[in-house]
Structures are given as structure tokens and as C-alpha cells.
Protein chains: 2
Amino acid sequence: MSSVARTRATQASDTGRSARKSEQTRARILDAAAYVLSRKGYAGTRLGDIAERAEIQAPAIYYYFHSREDLVEEVMWVGIAQMREHLEDALKGLSADARPMERIELAVSEHLTHELEISDYTTAAIRNAGQVPEDIKRRYDREAKRYGDVWHELFEAARKAGELRADLDPMVARMLVMGALSWAAEWWNPRRESLATVTKTAVSFIRNGLQAAPDVAEGS
Amino acid sequence: MSSVARTRATQASDTGRSARKSEQTRARILDAAAYVLSRKGYAGTRLGDIAERAEIQAPAIYYYFHSREDLVEEVMWVGIAQMREHLEDALKGLSADARPMERIELAVSEHLTHELEISDYTTAAIRNAGQVPEDIKRRYDREAKRYGDVWHELFEAARKAGELRADLDPMVARMLVMGALSWAAEWWNPRRESLATVTKTAVSFIRNGLQAAPDVAEGS
DNA sequence: GTCTATAAAATGATAGAC
DNA sequence: GTCTATCATTTTATAGAC
């Protein structure tokens with residue numbers, strides 16, 4: 001659907017002159033690859049299927065990507081990298097005196113919104129992270145760790161502020177939260193429940209699950 | 001590691017005489033297939049790799065399974081079927097007057113314990129559910145639905161008893177919980193945190209996330 | 001930039017010996 | 001029950017025309 005992958009797709013041209021169409025084709029290939037990768041898996045991703053969806057012939061892919069591996073690597077990478085950028089931008093928008101739990105709530109809602117918007121990239125990464133070759137995995141893991149670090153800081157701040165219940169192992173709690181969120185792309189059906197319903201329920205469930213105080217009275 | 005898959009592995013013999021060794025070989029192939037499938041994905045699962053791990057030659061697989069597809073289908077199927085059996089057995093062990101939330105707590109803990117014990121089958125199913133061919137997916141979905149139904153009833157009972165917070169969409173809350181649990185097999189490292197730490201944190205996080213009353217005072 | 005033609009490599013499945 | 005030998009098919013990647 002949407003043509004994501006601006007992040008790196010841009011470096012295709014060196015002149016910066018009129019590479020518009022070229023960039024578009026590159027982005028179309030990347031989107032097609034995410035689509036196929038999420039549905040067929042790493043080993044099942046055929047260049048022919050990607051080409052068909054991108055409406056080109058398979059060998060044309062080699063004009064934009066050095067190899068099948070390179071293309072897959074970029075799909076895995078770009079999804080999570082953009083997720084982190086999106087989250088960091090959103091957090092910057094919060095007022096400086098926002099409480100740690102407020103920041104976590106925003107992160108939950110922003111993660112879900114973005115994830116479900118680029119769901120092909122999300123499910124491609126989720127389903128294939130444990131199946132891609134070492135080279136690809138290394139680069140993906142590095143990026144996934146950067147994203148995990150953002151969440152780690154959110155949880156650390158909450159813990160220090162005494163907003164995390166004491167009987168929770170912070171690391172385990174964080175992984176449970178991230179799992180609940182990541183998994184949403186696997187089951188969410190927009191025709192069954194709205195995105196708003198999903199985020200509202202997730203925010204409430206997670207806040208109450210983590211929160212030390214049962215229900216602090218503070219409206220404004 | 002463990003040789004799971006007794007469920008169907010048993011129907012291999014019709015005489016029931018001395019099929020012990022045969023059953024063992026069949027179970028070894030199934031375990032090996034779960035191992036490879038979880039790491040290489042559906043399309044990347046080579047009969048040669050399965051055979052190597054099962055310590056036989058590839059063509060021997062055809063003595064026990066009609067095709068590569070049949071073998072994969074059984075791996076996908078047996079993991080979730082056993083998970084449901086395990087959960088139903090555990091729930092039967094609860095006293096009849098257990099409160100709905102107590103039943104959910106037991107389900108959380110039993111799901112995690114069993115899932116992490118047969119993690120090859122679990123990750124194989126999770127990672128490949130969206131990637132296998134239609135035939136396999138149909139049968140898997142039917143079994144997954146049966147498992148989901150067990151959880152659905154647990155949540156329905158809690159809702160009717162007023163133990164679920166009103167601002168939660170029950171369906172969404174259930175999927176968030178199941179996602180958090182399913183995902184555990186992807187990140188859990190027994191050398192980093194004990195299984196007890198994981199289940200304890202998960203039970204607490206989920207109970208507080210779902211529970212209507214902030215903290216009802218009732219010890220015994 | 002994109003296509004057609006093709007070379008080279010890998011794998012599922014069967015045949016048939018033991 | 002399990003193995004060796006083999007066929008048919010599929011797919012990545014390159015060469016080279018346009």
C-alpha cells in the first residue's frame with residue numbers, strides 16, 4: 001500500500017538531480033519485498049514474486065539492489081529503524097515534566113499506531129528475525145537493540161520514580177509489553193475493532209499492569 | 001531436546017505389537033522438524049537438515065510421512081494441540097469455586113511453563129503460521145481457534161463476574177495477553193532470568209492489567 | 001533503466017537394492 | 001526400515017540487447 005522506506009531509499013541518487021522516478025521504483029520494490037517476505041518467509045521470498053508485485057521483471061531488481069540478501073536486509077532494517085525514529089519524535093513532543101508512566105503510555109500508543117500502519121514491514125521483521133542468515137541478523141539485531149534501549153530507558157525512569165510495581169522484574173515486564181504490542185500486527189483486523197479501541201485498551205491494560213499505585217487521583 | 005509429539009505419533013502402528021523403535025524414530029523426526037522449522041522457516045526447511053538432526057538419511061522420512069507438507073503440518077498442529085490439552089488439564093485441577101481471575105492466573109502460568117518447555121514447536125508455529133500454504137494453515141487455524149476458545153471462556157467468565165475492568169475491550173485485551181505470552185519464547189533466556197521470575201512477573205502484570213478492583217483485600 | 005535468454009546450483013520425491 | 005542413485009523442477013544471478 002503505502003510507499004515507506006524513504007530512510008535509505010534516498011541515497012540511491014548521487015547527483016540529486018531528477019532521480020524521482022528511480023527512487024519511486026526502488027521504494028516500490030522495497031514495499032513489494034516487505035509484502036512477500038512477511039507472507040512467504042525468508043527462504044520462500046522469490047525475486048519473481050517481488051518483481052510481479054512491483055510490476056517489473058525480476059532482473060530489474062539487480063539495478064537497485066546488489067543481491068537478494070541486500071534487499072531482504074533493508075526490509076528488516078528499515079521497519080524497525082523507522083519505528084524508533086517515530087517513537088523518539090513522539091516522545092520529544094511531550095512536555096518536559098511529563099511523568100514516566102505518561103511517557104510509557106504515549107510509547108504504547110505510538111508504537112501500535114505506527115506498527116499497524118507499516119504492518120508488512122513489521123510482520124516481515126517479526127516472523128523472520130529468527131530465520132534470516134547471520135549477516136542479516138547481525139544488522140537487524142543492532143537496530144532492534146537501539147529500539148529496545150529506548151524502551152529500557154522509559155522503564156528505568158518509571159522504576160526510579162517508584163511508578164513500577166515492586167513485584168515486577170523490569171526486564172521481563174518490558175519484554176511482555178513489547179511482545180503484546182508486536183503481536184498486534186498478527187491479529188488486528190480493522191474491520192473488527194478500530195485502531196482507537198486497540199490503543200485505548202492497550203494503554204489501559206499496560207498502565208494498570210505496571211503501575212505501582214492502584215489509581216492515583218490526578219486528573220489535570 | 002525432549003521427544004514430544006506422542007499425540008499422533010502413536011497412530012503409526014496398526015498392530016500395536018512392537019512398534020516401540022519405530023515410534024521413537026518418528027518422534028525424533030518430528031522433533032528435528034520442529035527444530036529446523038523454527039529456525040529456517042517453512043520454505044527453508046530442507047528434508048536433508050531434518051534428516052541430519054534425526055540421524056537418518058532424507059528418504060527415510062518418507063517411510064513415516066507422506067510428504068514434506070504432511071510433516072510440517074503435524075509439527076504446527078501438535079504444538080498447539082498439546083498446549084490446549086495441557087491448559088485444560090491444569091484448569092480441571094482448580095477447585096470448583098475458584099474465581100475467574102484465579103483461573104486466568106493459572107492459565108498464564110501454565111501457558112508459559114508449557115510453551116517454554118516445548119519452545120521449538122512453539123516458535124515453529126508462531127513464526128510460520130502466516131507463511132505456510134493454505135492446506136496446512138487451515139488445519140492449524142482450526143486448532144488455534146480451539147485454543148483461543150479456551151481463553152475466550154476464561155475472559156467471558158471474568159467479564160460476567162465483573163472482574164474485568166470496564167474500559168477494556170475483552171477481545172483486544174485477550175489478544176494482548178496471548179501476544180505477551182506467545183512472544184516469551186522469542187526472548188526468554190534461562191541464563192538471564194529464571195522461569196519462576198518470568199511467570200511471577202507475567203501473572204502479576206496481567207492480573208493487575210485486567211482486574212476491575214484495584215486490590216481487593218482477600219488473602220485466604 | 002528494463003527486458004529476454006540462459007547458465008549453474010539446489011532440493012523434493014521416487015525407484016529399487018539390501 | 002533404511003540406504004544409494006537419480007530425475008525433474010525451480011530459482012538466483014549474469015550477459016547482453018534495446
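Because only heavy atoms are used, hydrogens play no part in the values below, and waters and symmetry mates are left out as well, while side chains stay in. Chain letters run A, B, ... following the sequence lines, proteins first, then strands; residues in each count from 1.
Proximity of B:L181 to B:W151: side-chain heavy atoms (C-beta onward) are separated by under 4.5 Å at one or more points. Counting only heavy atoms from C-beta outward, the side chains of B:V198 and B:W187 approach each other to under 4.5 Å. For the pair A:I136 and A:N128, the minimum side-chain heavy-atom distance is 4.5 Å or more.
The side chain of B:S22 contributes an N or O atom lying less than 4.0 Å from OP1 or OP2 of D:dG1. Regarding contacts with the backbone of D:dT2, every side-chain N or O of B:Y63 stays at 4.0 angstrom or more from both OP1 and OP2. At D:dT2, one or more side-chain N or O atoms of B:Y64 fall inside 4.0 Å of OP1 or OP2 (strictly under the cut-off).
Side chains of B:Y147 and B:H111: a donor-acceptor N/O pair is present below 3.5 angstrom, by distance only.
When the P atom of C:dT11 is taken as reference, atom CZ of B:R68 falls 11 Å away, rounded to whole Å. One atom, CD1 of B:I61, and another, P of C:dA13, lie 10 Å apart when rounded to the nearest Å. When rounded to the nearest whole Å, the span between CD of B:Q57 and P of C:dT14 equals 18 Å. Atom P of nucleotide D:dA13 and atom CD1 of A:I56 are separated by 14 Å, given to the nearest angstrom. One can place CD of A:E55 at 16 Å from C1' of C:dG1, the figure rounded to the nearest angstrom. Taking atom CD on B:E69 and atom C1' on C:dA13, their separation rounds to 13 Å, with Å as the unit. Rounded to whole angstrom, the span from the OH atom of A:Y62 across to the C1' atom of C:dT4 amounts to 16 Å. Atom OH of B:Y42 is separated from atom P of C:dT11 by 15 Å (rounded to the nearest Å).
Proximity of a side-chain donor or acceptor of A:S119 to a complementary backbone N or O of A:A185 within less than 3.5 Å is not detected.
Of the candidate nucleotides D:dT14, C:dA13, D:dT2, D:dT2 has the atom nearest to the side chain of B:T25. With C:dA13, C:dT4, D:dA13 as the candidates, the nucleotide lying closest to the side chain of B:S67 is C:dA13. Listed candidates were C:dA15, D:dT2, D:dT12. Nearest to the side chain of B:A60 is D:dT2. Counting only heavy atoms from C-beta on, B:R46 has its side chain closest to C:dT11 among D:dA13, C:dC3, C:dT11. Looking at the side chain of B:P59, the nearest of the listed nucleotides D:dT2, C:dA5, D:dT4 is D:dT4.
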